Number of protein chains: 2
Amino acid sequence: MANSDPVYLRVVEDLRRQITEGLLQPGAPIPSRHQITRKYGVGETAARHALRVLAQEGLIIGRVGSGHRVRQRPDLLPLHRAQAHFSTDMHAVGRRPTCDVKTDSAEARPDIAVRLRIAAQSPVTRTRIVYRSDGKPVQLAVSYEPIVYNDGTDDITQVAHRLGGNGLKLTEVTEHVYARVPQPVESDVLDLPAGVHVLHVERTHWAGDKPVETSDVIIPCDQFRLVYSLPAPYGDQTGR
Amino acid sequence: MANSDPVYLRVVEDLRRQITEGLLQPGAPIPSRHQITRKYGVGETAARHALRVLAQEGLIIGRVGSGHRVRQRPDLLPLHRAQAHFSTDMHAVGRRPTCDVKTDSAEARPDIAVRLRIAAQSPVTRTRIVYRSDGKPVQLAVSYEPIVYNDGTDDITQVAHRLGGNGLKLTEVTEHVYARVPQPVESDVLDLPAGVHVLHVERTHWAGDKPVETSDVIIPCDQFRLVYSLPAPYGDQTGR
DNA sequence: AGAGTAAAGTTGGAATCACAACTGTTGGCC
DNA sequence: GGCCAACAGTTGTGATTCCAACTTTACTCT
């Protein structure tokens, strides 16, 4: 049974156990390929594969010439979605937030049209934002709003204020959250290590039952976590 | 430049492009290792590595003897976190939800103690839940509450009702969401294909400023997405 | 002693070969 | 026609070998 398991798994499981149990502290060196072949009596292929798997899991990090070490796992920075103020969250941990904003016009893609409840290929204002922390890009966002609402203000970070000024009263925000593999562009811009996934948040602002703006926010899984605060939902619960 | 890129990346990028652009539809066969070595003029190692990367990304799935195919990407089922009713969400899409519940006592781990604001190793009631859809495990949850609240009711799915009956008025739920690689136990129980990440939700129920229950919910990224509905947060915004 | 260089060790990429387990197909036999 | 066995193809795993690029250490020379 355990005998027929792949050899490299034995190595993976032993090292993983040592890391998660704290026997190997963050920063501690991991045995090299050669040392693994000797210590565990496996081939070089198995040793290399084991190291790759652990690196993929984010437990260790390798540098050419210097070896593998147990990865420092900085706490995932919380992003408070109720406010959704990137700059507030960054200031709270002493980072210097900035962002690039580019606005243009485009035709709504089918999925965007569905989210905005408009006809496909309707004109929309598209805003691309690159959020930076201490100069490094750490988040991406693309926002779409029906072009009728746009009044030329190009600071999308104040979208709600602007929309409010247009006589629309925003009542609700919905967010759909899932994780996926980054697209090449995304891992390029965000400089993601191999294997790191991204959180994809599809956010829509509502005025009553009308969607007025929707955006896709791309967040690296290895740096951030989302924090939601909700009212306790059990008051009017009628049972399951 | 692009010339010095690893060879296997050329293969990965070309196949990934064909998949994301729709040239290779879900279910379509991917060239085998041998075919890749011939078509791209690379060695077997590079071909194998490219296929592994794509499988790891969840774009393709391989079966021994049968080959790799473009993965069917079923729509992600929405989980409405405001209610957090697994059964409701499942019924909505015609699935038959069930769950196994096991309750015991334990000492609070350090992280759990912090979340519950109690001393480490305090006694807690631990509840493990396996949620199933049509019999297959699709979600895991472990819930902890200080043992003082427990009255022997073992149906954790009604935790709020029970806690309410104990004179505690639940006011708020916070959820911390991040994605990570599944632990071996998790990918085993949930039968996750290689490369699929999980969403980890750390949920805490609050009565005023006192945490009364906290839980870890493990959700496969390839089947579900989380849906949050929040009040528009801009009314009392004082600017950035 | 200090600076610069050489050597040893490490990772990441790559080629080639091998084998067990499995799948799908094909062809022969009843 | 229908059933079964053999076969070719494929994946997953593994060994072995090599090399380029890099880091760290140790040593030599000034």
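Note on naming: letters A, B, ... go to the chains in the order of the sequence lines (proteins, then strands), and numbering restarts at 1 for each one. Quantities reported herein were computed from a predicted structural model and do not represent experimental measurements.
Look at CZ on A:R10: it is 14 Å from C1' on D:dT13, rounded to the nearest Å. The distance from atom CZ of A:R38 to atom C1' of C:dT10 is 13 Å, rounded to the nearest whole Å. The distance between atom NE2 of A:H49 and atom C1' of C:dG12, rounded to the nearest whole Å, is 15 Å. Here the C1' atom of nucleotide C:dG12 and the CG atom of A:L51 are 11 Å apart, to the nearest Å. Atom pair A:Y40:OH and D:dA15:P shows a separation of 15 Å (rounding to whole Å applied). Protein atom CD1 of A:I36 is 17 Å distant from nucleotide atom P of C:dG9, rounded to whole Å.
Looking at heavy atoms from C-beta onward, B:L190 lies out of side-chain contact with B:V196 at the 4.5 angstrom threshold. Between B:T127 and B:V142 there is no side-chain heavy-atom pair separated by less than 4.5 Å. A:R69 is not listed as a side-chain neighbour of A:I60, based on a closest heavy-atom distance of 4.5 Å or more.
Between A:Y8 and D:dG14 there is no side-chain N or O to OP1 or OP2 distance below 4.0 Å. The phosphate of C:dT10 has OP1 or OP2 within less than 4.0 Å of a side-chain N or O from A:S32. In terms of phosphate contacts, B:H68 brings a side-chain nitrogen or oxygen within less than 4.0 Å of OP1 or OP2 of D:dG12.
For the pair A:V42 and A:R33, nearest-nucleotide mapping onto DNA chain D gives the more 5' position to A:V42. Each of B:I61 and A:T45 has a nearest nucleotide on DNA chain D; the 5'-most of these lies closest to B:I61.
Closest to the side chain of A:R52, from the set C:dA15, C:dG13, D:dT13, is C:dG13. In the set C:dT16, D:dT11, C:dT10, C:dT16 carries the atom at the smallest distance from any side-chain atom of B:E44. With C:dA15, D:dG14, D:dT11 as the choices, the nucleotide that has an atom nearest any side-chain atom of B:V64 turns out to be D:dT11. Checked against C:dG13, D:dA15, D:dT17, the side chain of B:R48 finds its nearest nucleotide in D:dA15.
With sequence neighbours left out, the side chain to side chain donor-acceptor pair (under 3.5 Å) criterion links B:T37 to no other residue.
At the heavy-atom level, A:S66 lies under 4.0 Å from the strands shown only through sugar-phosphate atoms. Here B:G43 lies in heavy-atom contact (under 4.0 Å) with sugar-phosphate atoms only.
A side-chain donor-acceptor contact under 3.5 Å links B:R10 to the backbone of B:Y40.
A donor-acceptor contact under 3.5 Å is not formed by the side chain of A:R63 with the base of C:dG12.
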